[in-house]
Each structure stands twice: as structure tokens, then as C-alpha cells.
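Below you'll find the structure, written out as C-alpha cells, and then a few comments.
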Amino acid sequence: MSDPSDELRICPHCGQLNSVYTLICINCGQELDDIFEIEGLEDAPLENPDGQSLEEVLNSLDENPLLSHEEENTEDSGEDSEVETKEPSDEEELLPSWLDKIRQRAKDEDPSGDLAKAGKAADEKRDQVDEAFDQVLRRIRESEQNKAGRTRKAESDLVDENGDPEWLRRIRELHPDQDESLENASTASDDEWTDEELEELFRKELGLHKPDEKPEEAQGEIFAEQETNEESQAEPEFIPDDFHNIPEEDIPSPWTMATNEESDTSEAPQDINSAQKDLENSEGLAVTDEAEADEPLVEAVEPHVIDDFELDDAEASPLVDNEESEDSDLPEVKEAETPDHEEEQSENEEEEIDESPQPTEDVAPDLILLRDQRDRARILNEIISQEGRRSIPLPHENKNNHRLGSVILSLLLILGILATILFMPNGSPAFPNSPTAIAFAKNLETISEGQSVLLVLDYQAGSKNEIEPLLEKLLESLETKNISLRVVTANPENLWLSAKLFAGSPSEIEFIPGGVLGYLSLAVAEKPVWGTLPIDKAVKTDPDIFAGLSHIILVSDSSEFVRSWMEQISPFQLHLNTSVITTSVSAPMLSPYFASGQIKGYVAGLSDAKTLGVEKDLLVNQRAFQVGTLLMILVLLLGIIMKLDEDSRSNAERSTE
Amino acid sequence: MKQKTSLIVAIVSGLLMLGALFFQPYTAPTLALVLNWLIILSSSALLAGIAGLVVNHLGFILKARKGCLYSLVLLISFFATIIFGIILGVDNPDFLQGLSAILLPMQTALMALIALVLMSAAIKLFRQRGWSILTVSFAVSALLFLFLNLGFVRFDSNPALQNFVAIIQGLPMIGARGLLIGVALGALLMGLRVLFGQEASDE
């Protein structure tokens with residue numbers, strides 16, 4: 001703890017005790033620049049109070065001698081030792097010294113001056129007052145620390161369990177009456193000092209009269225500032241009970257003020273508020289987040305929030321007291337500043353009314369929020385409000401729109417094709433004859449009467465309308481040539497799917513088990529000498545399906561089946577001419593085999609139907625096919641256009657950024 | 001040892017099939033026998049697969065798992081097909097007509113759905129994949145061949161243009177040939193890895 005003499009200045013003109021941060025005397029208004037040379041005190045950095053940061057103000061508060069009182073009392077009480085860890089100082093010894101200096105200066109000055117007049121009421125019993133005052137303060141602090149010790153847990157850091165910082169607790173402890181007035185009176189225990197008891201004790205020790213019996217002069221001096229701050233009656237009471245840098249004679253006792261709270265006690269916070277406003281304005285700490293009232297959590301907390309001014313009042317109480325004293329002693333200056341001050345005060349009050357209609361008198365001290373605490377509450381509120389919300393849009397966020405678009409596209413395709421089928425003639429394929437189809441037709445023509453042809457079926461029901469017209473035309477052509485036809489399939493589906501085609505035909509569809517392996521097993525065609533193979537018993541007729549064949553016609557909608565046949569089975573039957581009836585989808589995969597001569601030719605669905613002379617009535621609707629193809633082209637173009645539009649938008653956004 | 005056994009079986013089978021292929025007239029009976037074994041094994045595997053499918057869906061129904069209604073439909077249709085097939089015979093016209101009445105519209109609708117899915121994929125392709133060689137080449141080729149297959153445009157009067165179109169229409173064959181060569185090389189490499197024991201069959 002620093003020497004209190006370093007923290008206070010005595011005005012050489014009037015003897016008024018001033019703060020080291022005060023440039024002019026709060027009593028006489030004289031400049032204090034040369035005060036240290038005269039007094040021989042250690043030079044402290046004379047900074048402009050307006051340029052001080054809040055941290056410096058708080059530091060000055062920590063170094064305030066009155067705070068050391070608290071710590072000392074904490075030591076004496078033996079409780080809350082973990083909360084208060086600093087060593088007590090010898091300020092009790094120093095306090096009378098600066099008081100003596102003040103008094104000595106007051107004696108040296110004109111006794112009829114303001115200072116002497118202000119301390120005239122208690123000048124005679126000054127020693128008794130000092131002793132009694134210290135005793136009263138000690139009792140008050142003991143009671144407050146006992147109360148705080150019951151409610152607070154031991155803390156190792158500067159912030160307690162309520163989130164209140166150390167300095168705020170100290171300030172609250174310096175203003176126990178305020179805390180008590182905010183708390184419920186019923187919570188007070190019997191072993192604590194009540195306001196009335198303390199007031200009575202103080203009055204008894206001082207030998208003063210009751211407040212209603214006080215001389216008018218003394219009251220007029222004590223509450224000199226009341227006249228200029230009439231409008232602040234509604235403000236919460238604030239009793240500067242224990243700290244001051246002006247003679248105690250000028251300060252009303254907290255208990256006296258408590259008894260006159262209706263008219264008297266409101267002036268101190270008002271002046272403190274005004275001083276604090278000046279301080280904050282000068283430090284750029286003006287409250288700017290008043291617009292946060294629309295946020296739910298803040299609104300919920302707002303009625304219990306005391307404005308930052310009120311909290312920062314306590315924070316900067318030494319300076320405030322200085323300025324308060326200055327104001328009280330300079331009525332002309334105060335009166336000149338009063339209108340503006342009142343305007344600011346009224347504006348702030350209006351803002352407070354808007355945000356917190358509840359007066360701060362009803363606010364419990366634990367619910368008092370500082371600005372940073374309120375900011376934290378606001379941030380917490382934002383986090384809570386954002387909980388469950390997606391901050392990043394997911395790719396499937398517009399799933400409904402995508403579904404709607406898909407539905408629209410599907411309906412467009414379906415309705416277009418349906419309208420074409422219902423209202424348009426079938427049309428005829430206008431495609432030129434493909435080389436593969438021409439080769440297939442030529443290979444078919446090479447089949448002469450009496451030759452055997454193996455027809456291998458492997459297609460599904462979905463391809464029926466594309467394949468069976470070609471197959472039907474092929475069967476007609478083969479029947480006209482009186483060709484021995486053998487029909488096999490390894491796909492059970494073809495047993496019933498193609499049954500109608502061979503209903504009047506002497507040929508019967510034979511099932512070959514095992515798929516391609518069954519065909520391969522039959523293609524090997526070498527029976528072992530020790531007996532028959534299992535597959536020979538599975539085939540109804542002659543298991544040698546490749547015997548005496550000249551041509552093989554594969555009817556399949558699967559290019560994989562054709563590829564397997566050509567790669568696995570054909571090497572064992574190289575002498576056979578193989579041709580294929582397939583779909584348009586599978587045709588491109590067969591083109592290499594046609595180009596290599598492994599396949600003599602193939603016809604691919606609708607586009608090659610003309611080559612075989614298939615009547616248009618047997619084909620699917622050509623117009624419907626064209627409409628569907630056109631719609632697919634449009635959809636593909638639409639996708640390209642949408643991508644281009646998206647790119648242009650993103651480029652525009654980048655350019656703007 | 002277990003891994004080595006399966007590996008040895010795989011290698012011997014591969015060498016046997018290769019030998020049967022190269023020395024075909026002499027090894028053909030052996031090859032046919034092995035193929036019959038393979039068919040029997042694959043049929044047994046198919047039966048085991050069917051049994052597993054039935055058991056799984058039965059478990060879904062007993063556990064009342066979400067979507068068990070589909071499992072119920074599957075099992076009902078499966079057992080109905082077996083029962084009617086055994087009673088009526090697989091050659092019964094009524095039985096075949098019933099199968100046709102179910103499967104034909106179902107598979108046709110499936111093909112139509114494929115067309116719709118392809119349309120949806122076409123419109124989403126560029127938005128999801130962006131501009132790349134793959135997407136641009138796909139778009140160009142798709143538009144080109146869809147347009148050519150419309151049948152609206154004929155180039156019979158212009159032989160040069162007709163030849164150009166023929167070259168364009170030969171592009172799918174080039175792509176298919178590349179695919180087939182790639183598949184063949186992959187199969188060859190895989191077979192060699194099995195033969196040399198570098199591909200564990202049970203992994």
C-alpha cells in the first residue's frame with residue numbers, strides 16, 4: 001500500500017485535501033501544480049484525469065487508503081482471510097497525520113473561511129470524532145465481512161463465484177448501506193448492526209442531535225449540493241460513507257443520510273453520476289450499447305441492471321468525491337454547468353427508463369451487471385439463440401426445391417411423351433441403314449435351307465418392346481427358309497417372356513442351367529469316357545447344342561452377355577457365324593467385335609428396325625421417342641445454362657468483393 | 001496354412017483351366033467336368049444366397065424393423081412363386097402369364113425411371129462437378145448423339161458430311177474398344193496375380 005501522503009495533495013491556498021489527480025483545488029479552485037514543491041511530497045505523475053484509463057482509475061482505487069481500512073479490518077476479524085490476502089498497512093497511523101495536516105492548514109487559513117465554517121460543528125470534539133468514527137467503521141466492516149463470509153466462498157482469483165471482480169466487491173463493502181438497502185431487510189441477522197443502531201451509535205459518539213434537530217446551517221452546508229440536483233431524487237441512494245478527501249465535517253454521515261434518504265441521500269449519486277459521466281466521456285467509455293434492449297436475455301436481465309454509471313461510480317469514487325466536493329464548493333461554476341448537466345442527466349435517465357423501467361433501488365446487489373458482464377450476457381444470448389440453427393447451409397438444404405424441380409421435369413417428360421403417344425401419329429424411323437444392320441441382313445441371307453441355327457435368348461422384360469419386333473421378323477425369315485431352329489436360354493425369364501413368339505413354332509425354348517458357364521460347358525462338348533456330365537441330364541434334348549450348327553444368333557439386351565459369349569464360348573466354336581439382335585444402348589459395345597469380324601452383324605433396336613422390314617405398327621411410337629430425346633437435350637442444356645448463370649453470379653460477387 | 005490352402009487351390013484351378021484351354025482336344029473332358037462342378041457350386045451358392053435372403057427378411061419382420069413391410073411382400077411373393085411353380089409347373093401358361101403380368105410393367109417402369117434419373121443427373125452434372133474435361137466432353141457427346149439419333153437431320157445429299165457423321169458415330173466404337181481392352185488387361189493382370197499367389201483369394 002502506498003503512502004497516503006502520496007495520494008493526496010493539500011492545497012497551499014486553502015488547506016483543502018485534494019486528490020493527486022486533481023489539477024485544481026476542489027475548495028478554492030486554485031491550481032495545484034506547484035503543490036508538491038511546497039509540500040515537499042514525492043512527485044507523482046500529473047496526468048490529466050481526462051486522459052486516464054479506467055484501469056488507472058481502478059488502480060488508484062486499489063491504492064486508496066480507505067481500501068486498506070477494509071483489509072485491516074479483515075485482518076482483525078480473522079474471517080475471509082482467503083478473500084483478503086493483502087497485508088494491512090499503517091494507514092491508521094497515517095490517517096491522523098494527514099488529518100492533522102488538514103487541520104493545521106485549516107488553522108493557518110482564515111478561520112472564518114469556508115473550510116473552517118464547514119468544520120465548525122465538529123471541530124471541538126475532533127479527536128473523539130476520529131476515534132469514534134474509526135470504531136464505527138470497524139464495526140460496520142466487521143459486520144459486512146461476516147455477512148460476506150457467509151455468502152461467499154473462498155476465492156483464489158480476483159473473481160468470486162458470482163463473477164464479480166475483486167474491485168467491485170471492495171466497492172460494495174465500502175458501501176454497505178447501499179447493499180443493505182438493496183437487500184431484503186428480513187435477511188439481516190440479529191448480530192449485525194442495523195442502520196438505526198449504527199446511526200444512534202454514531203450520533204451518540206459524536207454527541208450530535210438527531211437529523212431533524214440539526215441546525216439549519218449545518219444541514220445547509222452538508223447538503224449544499226442538494227439544491228442543484230433536485231431532479232435526482234428518483235436515483236438509487238448512494239451513501240459515500242467512508243471515503244472522502246475532504247474534511248469529515250463537510251461530509252454527512254451515512255446514517256444521517258440514511259434517515260433523510262427521501263431528500264438528502266440522492267444528491268451524492270447524482271453528483272457522482274455526473275462526475276462519472278464526465279469521466280467516461282473523457283475516457284471514451286460512454287455507454288454505446290444501449291440498443292441492445294431488443295435482445296431477449298438482456299431484456300430479461302435489464303430490469304435488474306444498474307447502469308454502468310452507477311457501478312462505475314463506485315469504481316471511481318475517489319475522483320468522484322473530489323469532483324463532488326469541487327462542485328459543492330464552487331456553486332457558481334456548478335450552476336453554470338447545471339443546465340447541460342441536467343440535460344445529460346435527463347437524457348440518460350430517459351434511456352434508463354426505456355431500458356429498465358424498474359428503478360435501481362429494487363435491484364439486488366448480486367444482480368448488478370457491469371458493462372462487460374452485460375456484453376458477455378449478450379454474447380451468451382446470441383450463442384443460445386443460435387443454438388440449433390445452421391450457420392452453414394448444407395448441400396441438401398434446398399431439398400424441397402430440388403424435389404420440386406425434379407417433379408416438374410418428370411411431369412414435363414411424362415406429359416410430353418403421353419401427349420405425343422395419344423395425339424400424334426406413330427411416324428416412321430427416318431434413320432439410314434447402319435452398316436451393322438446391313439451386315440446382319442446379309443448374314444441372315446446366307447443361311448440356306450436345311451441349315452441349323454441356334455437362337456440364344458437373353459433379354460429382360462424391359463427390353464421386350466425393342467427386341468421382340470426384330471426377333472419376330474427374324475423368326476418369320478427363318479421359317480420361310482425351312483431352317484432347323486434351336487432356341488435356348490440361360491435366363492429363366494425368357495421362358496415365359498418369349499413363349500408367345502414360339503407358340504406356333506416347332507422349336508421349343510430350352511433352359512440351359514449355369515448361365516455362361518453352362519454354355520461354356522456345352523461348348524467344350526467333349527464328354528468324358530467314364531460317363532455323362534451333370535449338365536447333360538439337365539438339358540431336355542440333346543445336350544450337344546452346337547452340333548451341326550452353322551449360325552448362332554444372340555438375342556440379348558446385355559452387352560456383357562455378348563462379350564462373355566464372344567470371349568469365352570466362341571473360341572470353342574470358331575466355325576460358327578455369330579450375329580446379334582440387341583438394343584440401341586448395348587450396340588456401341590458390340591461395335592469392336594463387329595469391326596474385328598467376330599460378329600457378322602447386329603441390329604440394334606428401333607434404329608435398325610427398318611433394315612429388317614419391321615412394320616411401324618410393331619415398333620414403339622417414333623414421335624414419342626423423338627419427344628423424349630428432345631426433352632433430354634433441353635434438360636442437358638438447362639443444366640449448362642444454370643451452371644453458367646451460377647458462375648456469372650459468383651464472379652460478380654467476387655468482383656464486388 | 002489356411003491361407004496357403006486356398007491359395008494353392010486357386011493357383012491349381014487357374015493352371016488347370018489354362019492347360020485345358022491350350023491343350024483343348026485332350027483336356028476338354030476334364031474342363032467340362034470342372035465346369036460342371038463349378039455350375040453345381042454356383043447353384044449351391046445361389047441357393048445359400050436365397051436362403052440367407054429369406055432368413056434376413058424373416059428376421060426383419062420378426063424384429064418389426066423399419067421397412068419390414070417390404071420384407072413381407074418379398075417373402076410372400078417368393079413363396080407364392082415357389083408354390084405355384086411346383087404345383088402348376090414352370091411351363092404352365094397361366095403361371096407364365098401371371099409372371100408376365102407382374103414383371104413386364106415393373107421392368108418397363110424401371111427403364112422409364114432410369115430415363116428420369118439420367119435427366120436429373122444431366123441437370124445436376126455441371127452444378128456438382130463443375131467445368132471439367134469429363135463434364136464438357138460428356139455434354140458435347142451427349143448433345144451430339146442425341147441430336148443425331150433424333151432422325152431429323154439426314155446427310156445423304158452431302159457425302160463429305162455423311163462421312164464426317166460416320167466418323168463421329170464411330171467414336172463410341174473407339175471408346176468401347178478402349179473399355180474392352182482395359183477390361184481384358186485387368187482380367188489378365190488379375191489372373192496372373194492369382195496364379196503367382198500375390199492375390200489372396202480370401203481377402
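Computed from heavy atoms alone, side chains included, the values below leave out hydrogens, waters and symmetry copies. Per chain, numbering begins at 1; letters A, B, ... match sequence-line order.
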Point-to-point distance, once rounded to the nearest 0.5 Å, from [atom1] of [X] to [atom2] of [Y]:
X	Y	atom1	atom2	result
Ser521(A)	Leu33(B)	OG	CG	9.0 Å
Leu520(A)	Leu35(B)	CG	CG	4.5 Å
Leu517(A)	Asn36(B)	CG	CG	9.5 Å

So which bits of residues 96-104 of chain B come within less than 4.5 Å of chain A, counting non-hydrogen atoms only?
Leu96(B), Gln97(B), Leu99(B), Ser100(B), Leu103(B), Leu104(B)
Heavy-atom check, side chain of [X] versus side chain of [Y], under 4.5 Å:
X	Y	value
Leu180(B)	Tyr593(A)	yes
Phe147(B)	Leu630(A)	no
Met111(B)	Gln460(A)	no

Can you say whether [X] sits under 4.5 Å from chain A via the side chain, the backbone, both, or neither, judging by heavy atoms?
X	result
Val34(B)	neither
Ile174(B)	neither
Ala184(B)	neither
Ile40(B)	side chain

Taking atom [atom1] of [X] as the centre, does the number of heavy atoms from other residues, nucleotides or ligands within less than 6.0 Å exceed 12?
X	atom1	result
Phe95(B)	CZ	yes
Met190(B)	CE	no
Leu574(A)	CG	yes
Glu508(A)	CD	no
Phe78(B)	CZ	yes

Work out which heavy atom in [X] is nearest to a heavy atom in [Y]; give both atom names and the distance.
X	Y	result
Met173(B)	Ala595(A)	SD-CB, 3.7 Å
Ser596(A)	Arg177(B)	N-NH2, 4.5 Å
Met589(A)	Ala176(B)	SD-CB, 3.6 Å

Where do Leu636(A) and Phe138(B) land on the side-chain contact (heavy atoms from CB on, under 4.5 Å) test, with the steps shown first?
CA-CA 10 Å; Leu636(A) 191 58; Phe138(B) 167 78; 4.3 Å; yes
Measure Leu644(A) against the heavy atoms of chain B and call it side chain, backbone, both or neither at under 4.5 Å.
both
Pick one of side chain, backbone, both or neither for Leu590(A), based on which atoms fall under 4.5 Å of a heavy atom in chain B.
neither
Take Thr629(A) and Phe145(B) through the side-chain contact (heavy atoms from CB on, under 4.5 Å) test and state the conclusion after the steps.
CA-CA 10 Å; Thr629(A) 307; Phe145(B) 289 107; over 6 Å; no
As an exercise: rank Ile640(A), Asp647(A), Leu637(A) by heavy-atom pairs under 4.5 Å with chain B and give me the winner.
Ile640(A)
If you count heavy-atom pairs under 4.5 Å with chain B, which of Ser434(A), Pro513(A), Pro435(A), Gly462(A) comes out on top?
Gly462(A)
